[in-house]
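Notes for the one structure printed next.
Chain letters run A, B, ... following the sequence lines, proteins first, then strands; residues in each count from 1. Just so it is clear, the structure is predicted and the values come from calculations on it, not from any experiment.
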2 protein chains.
Amino acid sequence: MPVTVLLVDDEPLVRAGLRAVLEAQPDIEVTGEAADGAAVIPLVRQLRPDVVAMDVRMPLMDGIEATRAVLRTVPDPPKILVVTTFEDDEFVYEALRAGADGFLLKRARPAEIVHAVRLAAAGDSLLFPASVRRLAARYGDGGRPARATLERARLTEREAEVLRLMARGLSNAEIAARLVVSAETVKSHVSAVLAKLGARDRTQAVIAAYESGFVEPG
Amino acid sequence: MPVTVLLVDDEPLVRAGLRAVLEAQPDIEVTGEAADGAAVIPLVRQLRPDVVAMDVRMPLMDGIEATRAVLRTVPDPPKILVVTTFEDDEFVYEALRAGADGFLLKRARPAEIVHAVRLAAAGDSLLFPASVRRLAARYGDGGRPARATLERARLTEREAEVLRLMARGLSNAEIAARLVVSAETVKSHVSAVLAKLGARDRTQAVIAAYESGFVEPG
DNA sequence: GATCGTCTCCCCCGTGCGGGGGAGGCCCGT
DNA sequence: ACGGGCCTCCCCCGCACGGGGGAGACGATC
């Protein structure tokens with residue numbers, strides 16, 4: 001049986017885009033749409049979708065409020081994916097606390113969006129971008145347990161941290177300042193990252209980070 | 001024969017939405033897509049669409065610049081509809097001055113979007129929302145540039161080519177070999193790219209390329 | 001004709017980067 | 001208790017990188 005999805009966004013164009021992307025998949029079915037969070041609860045009760053794609057910024061009731069409302073009042077609630085334009089740490093944490101299961105970045109490629117919906121439907125809540133995991137780890141009780149392991153590479157924790165900062169354009173000196181270690185230490189980590197990724201320089205490493213999904217655009 | 005449309009927006013989701021809305025019409029055909037204004041001119045020359053749906057906010061080259069560039073360099077140019085999220089007076093007036101033929105508001109209903117495209121294709125340029133006419137009336141014949149628009153990243157053909165190769169991890173020497181020019185020439189282009197993108201080094205430039213959709217993962 | 005933008009090539013020069021090698025402290029697991 | 005990752009820091013060194021200049025050739029535009 002297919003994964004059923006409810007779309008909640010005040011912009012018809014975004015709804016149309018999500019519908020087009022999702023309905024291209026044989027195993028995903030968009031069973032309803034809503035233009036505001038205020039309309040979500042009755043629709044969820046009626047349609048009982050597996051996943052709700054929820055915009056954050058809506059006129060009457062925003063996505064955070066609506067997420068809280070659904071999770072508070074609906075028994076056996078659907079997975080909720082928050083649709084965002086930017087990775088805003090502030091509101092990402094709000095959504096996390098409200099109980100959202102993941103994010104759909106508007107900048108993401110269709111395949112990634114489809115993937116996120118499938119993951120959410122399967123109960124897998126590992127689809128948070130890096131910033132969310134950082135926040136979840138930092139704030140602790142935010143909701144889901146934080147994911148520490150990154151199986152994508154055999155990078156150590158520290159090396160992954162360094163790679164993330166490299167992928168944000170920081171120099172070795174800036175990374176050192178950020179991590180409060182010496183520049184020599186950063187150089188060691190960078191060299192290790194390059195060796196493990198088979199990259200010749202930091203640029204190739206960053207490319208690998210993007211291509212592997214280790215970091216995501218947006 | 002159908003109305004042909006080129007979609008230019010850095011968000012794949014918006015492109016998918018426009019495509020879904022427009023292709024539902026038998027007399028409208030989406031013949032191409034681009035993720036940044038920098039890619040528009042060659043595409044317009046190649047596809048010769050009737051209408052271009054142009055986003056305003058794009059990383060490398062914004063919709064205003066791209067609109068100017070198209071109208072300045074392409075003979076018998078297409079009608080250009082600027083896609084906006086909000087009715088931003090600033091953008092609206094800039095777009096107007098750049099020569100845009102109309103607007104597509106993301107909040108608009110599909111029928112209105114379709115209507116706007118048909119009107120534009122028919123050469124009717126009366127499809128500005130009320131705010132635009134207000135502005136046009138207020139500023140009259142335009143006694144201002146006012147805000148000196150800082151030169152946005154407007155990459156030349158060659159620079160874009162170099163950036164693409166940078167984003168594939170090539171060194172200056174390798175790019176030189178690929179393009180059959182000297183390494184000095186490549187250095188010149190790289191410096192120009194860095195300056196235009198506001199990047200400090202090639203790594204930051206590559207990051208910008210990914211974040212803007214100028215290159216895409218996978 | 002003059003001007004502008006683009007592409008091409010060259011110089012010097014400082015430095016950030018990355019390789020190679022080594023080393024001490026720490027917490028694991030066996 | 002011992003080895004093995006991991007993180008940390010240090011040395012030397014070569015070089016690609018990038019900035020700041022300048023300049024000639026070509027085409028398009030004015």
Please state whether the phosphate of C:dT8, meaning OP1 or OP2, lies under 4.0 angstrom from any side-chain nitrogen or oxygen of B:His189. yes

Using OP1 and OP2 only, check whether a side-chain N or O of A:Asn172 sits under 4.0 Å from C:dC17. yes

Side chain of A:Arg202 only, heavy atoms from C-beta on: which candidate in C:dG18, D:dG18, D:dC7 is closest? C:dG18

Whole-Å distance between C:dC7 C1' and B:Glu161 CD? 12 Å

Mind checking A:Thr185 for me? I need base, sugar-phosphate or nothing, with any heavy atom below 4.0 Å counting as a touch. base

Could you tell me how far apart A:Glu184 (CD) and D:dC6 (P) are, to the nearest whole angstrom? 22 Å

Identify which nucleotide among D:dG18, C:dC9, C:dG18 has an atom closest to any side-chain atom of B:Asp201, counting heavy atoms from C-beta outward. D:dG18

Would you indicate, yes or no, if D:dC7 has its OP1 or OP2 atom less than 4.0 angstrom from a side-chain nitrogen or oxygen of A:Thr156? yes

A:Ser182 and A:Thr185 side chains, donor-acceptor separation under 3.5 Å: yes

Below 4.0 angstrom, N of the basic side chain to O of the carboxylate: do A:Asp27 and A:Arg118 qualify? yes

Among D:dG18, D:dC9, C:dT8, the nucleotide that comes nearest once only the side chain of B:Arg158 is considered: C:dT8

Spacing between A:Glu159 atom CD and D:dT8 atom C1', to the nearest angstrom: 13 Å

Rounded to whole Å, CD of B:Gln204 lies from C1' of C:dC17 at a distance of 15 Å

In terms of side-chain heavy atoms of B:Ser182, which of D:dG19, C:dC7, C:dC10 is nearest? C:dC10

Nearest whole angstrom, please: distance from the P of C:dG16 to the CZ of A:Arg200. 21 Å

Is a salt bridge present between B:Arg164 and B:Glu161, judged by a nitrogen-to-oxygen distance below 4.0 Å? no

Roughly, in whole Å, what's the span from NZ in A:Lys187 to P in D:dC11? 10 Å

Without decimals, in angstroms, what is the distance between B:Met166 CE and D:dA16 C1'? 14 Å

At their closest point, which heavy atom of A:Arg168 faces which heavy atom of B:Ile207, and how far apart are they? C-CD1, 3.7 Å

Could you please name the option among C:dC12, D:dT8, C:dG19 that lies closest to any side-chain atom of A:Ser191? C:dG19

From D:dC9, D:dG18, C:dC9, nucleotide with atom closest to B:Ser188 side chain: C:dC9

What pair of heavy atoms forms the shortest contact from B:Thr4 to B:Arg48, and how long is it? OG1-O, 4.1 Å

May I have the distance from B:Leu179 (atom CG) to C:dT6 (atom C1'), rounded to whole angstrom? 15 Å

So what does A:Ser171 touch, heavy atoms closer than 4.0 Å: a base, only the sugar-phosphate, or nothing? sugar-phosphate

